[in-house]
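Quick notes on the structure that follows.
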There are 2 protein chains.
Amino acid sequence: MSAAEKYDVFQAIADPTRREVLHLLAAKERSIAEITSHFNMSRTAIAKHLHVLADAELVSGTKVGREKIYSLQPEPLTELKQWLSFYEQFWNNKLTKLKYVVENQFEKDKE
Amino acid sequence: MSAAEKYDVFQAIADPTRREVLHLLAAKERSIAEITSHFNMSRTAIAKHLHVLADAELVSGTKVGREKIYSLQPEPLTELKQWLSFYEQFWNNKLTKLKYVVENQFEKDKE
DNA sequence: ATTATATGAAACCAGATGGTTCTATGTCAA
DNA sequence: TTGACATAGAACCATCTGGTTTCATATAAT
């Protein structure tokens with residue numbers, strides 16, 4: 001596992017456990033053991049998830065003594081944001097249309 | 001396949017082929033055959049991807065004659081946007097910090 | 001020095017995923 | 001009504017994924 005560039009941001013955040021890990025790391029840096037304590041699965045499983053996240057460069061880990069401390073690296077999420085921004089026009093349009101319909105109906109009701 | 005709620009937005013967009021399909025449907029409604037013509041894989045494979053997307057409610061399909069026409073339903077992407085918005089503060093902070101460091105260094109250089 | 005702690009890494013496993021081919025069904029056109 | 005077209009669905013397959021257990025190694029503490 002953890003071959004360079006094997007996982008991209010989209011794959012990395014597809015798993016709910018990994019999203020939880022990101023959320024934990026958003027609060028503060030944590031060791032693998034500390035992260036594991038929040039889940040109902042083995043340390044090894046969490047370590048694998050961390051490898052995937054590190055592969056997508058969403059986290060980075062540095063050894064401190066015998067611990068490995070992971071921290072959030074949110075930059076790759078900008079790729080996701082860019083991807084999303086393309087679609088915002090569509091749901092904005094839909095909401096605008098909906099708003100128009102609703103308001104029009106409202107006007108009609110008052111007649 | 002296509003059991004209700006089996007796939008969420010995060011999983012649906014994890015696959016690059018599915019993201020391409022979404023992009024195609026953003027331009028206009030299309031039949032399965034039409035979508036397939038843009039890829040180097042079987043119609044059945046594309047149909048499966050469409051089922052996943054439909055399960056996540058990112059697309060919807062209606063039968064018209066012997067064709068099934070799929071169209072984009074961007075609303076579920078708002079969930080993704082909300083998820084993302086939580087992390088925006090972090091990368092904004094990082095950029096702010098970086099800006100601060102760079103500018104500070106610049107000032108020091110002038111001394 | 002010995003022991004406990006924290007992680008790394010390998011081997012293994014079941015189920016999910018992404019693709020295929022083949023067959024069946026419904027619709028349009030001649 | 002016959003044939004071509006568009007899709008549906010089943011069966012199958014290889015690989016990936018997300019988990020496990022086990023063993024090894026490095027550091028900390030007594």
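Within every chain, numbering begins at 1; the chains are lettered A, B, ... in the order of the sequence lines, protein sequences first and strands thereafter. Given the structure is predicted, the values throughout are model-derived calculations rather than measurements.
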Report each atom pair, protein N/O against N/O of nucleotides 25-27 of chain C, whose distance is under 3.5 angstrom.
none

May I ask you to verify if any side-chain N or O of A:S42 is less than 4.0 angstrom from the OP1 or OP2 atom of D:dG19? no

Here the distance between atom C1' of C:dG19 and atom CG of B:D15, to the nearest Å, is 11 Å

Minimal heavy-atom distance between B:Q89 and B:F86, with the atoms involved, is NE2-O, 2.9 Å

Crowding at CD, A:E57 (>12 non-hydrogen neighbours, <6.0 Å): no

When rounded to whole Å, the NE2 to P distance for the pair B:H51 and D:dT7 reads 11 Å

Does a side-chain heavy-atom distance below 4.5 Å link B:F10 with B:W83?
-> yes

- prompt: Does B:Y87 use its side chain to pair, donor to acceptor, with the backbone of A:A26 at less than 3.5 Å?
  reply: no

Next on the checklist: Please check this pair: side chain of A:R30 against backbone of A:I35, looking for a donor-acceptor N/O pair closer than 3.5 Å.
Outcome noted: no

* **A:F39 with A:I69, same ILVMFWY side-chain cluster at under 4.5 Å** => no

Of C:dC22, D:dA6, C:dG8, the nucleotide closest to the side chain of A:I32 is C:dG8

When the rotation axes relating C1' atoms of four end pairs to the next four are compared across the helix from C:dA1-D:dT30 to C:dA30-D:dT1, five pairs an end, they differ to 10° by 20°

Is any side-chain nitrogen or oxygen of B:Q11 closer than 4.0 Å to OP1 or OP2 of C:dA16?
no

Exercise for the section: Give a yes/no on whether any side-chain N or O of B:K6 is located under 4.0 angstrom from OP1 or OP2 of C:dT17. Expected result: yes

Assert: residue with more 5' nearest nucleotide on DNA chain D, out of A:T17 and A:V64, is A:T17

Sugar-phosphate only, base, or nothing, as touched by B:A33 at under 4.0 Å among non-hydrogen atoms = sugar-phosphate

Quiz prompt | Presence of B:Y7 side-chain N/O under 4.0 Å of C:dT17 phosphate oxygens OP1/OP2 | solution = yes

Notebook entry, point to check: Below 3.5 Å, does any donor atom in the side chain of A:R43 face an acceptor in the base of C:dG8, or the other way round?
Noted result: yes

Quick note, A:H49 side chain, CB onward, closest among C:dT20, D:dG18, D:dT7 is D:dG18

Here the distance between atom P of C:dA14 and atom CE of A:M41, to the nearest Å, is 19 Å

Does a side-chain N or O of A:K48 approach OP1 or OP2 of D:dG19 to a distance below 4.0 Å, or not? no

Closest heavy-atom pair, A:T17 versus A:H49, reported as atoms and distance to 0.1 Å, is CG2-CD2, 3.8 Å

| message | Quick one: does any side-chain atom of A:R18 pair with a main-chain N or O of A:L50 as donor and acceptor, under 3.5 Å? | response | no

On DNA chain C, more 5' by nearest nucleotide between A:E67 and A:T44 is A:E67

Side-chain touch B:L58/B:V52, heavy atoms, less than 4.5 angstrom: no

From NZ of A:K68 across to P of D:dA28 the rounded distance in Å is 16 Å

To the nearest angstrom, the CZ-P distance between A:R30 and C:dA6 comes to 16 Å

Worksheet item: Looking only at atom types and distance, does a side-chain atom of B:R19 sit under 3.5 Å from a main-chain N or O of B:I13, one as donor and one as acceptor?
Response: yes

Here the distance between atom P of C:dG18 and atom CG of B:L50, to the nearest Å, is 13 Å

A:D55 atom CG is separated from D:dG18 atom C1', nearest whole Å, by 16 Å

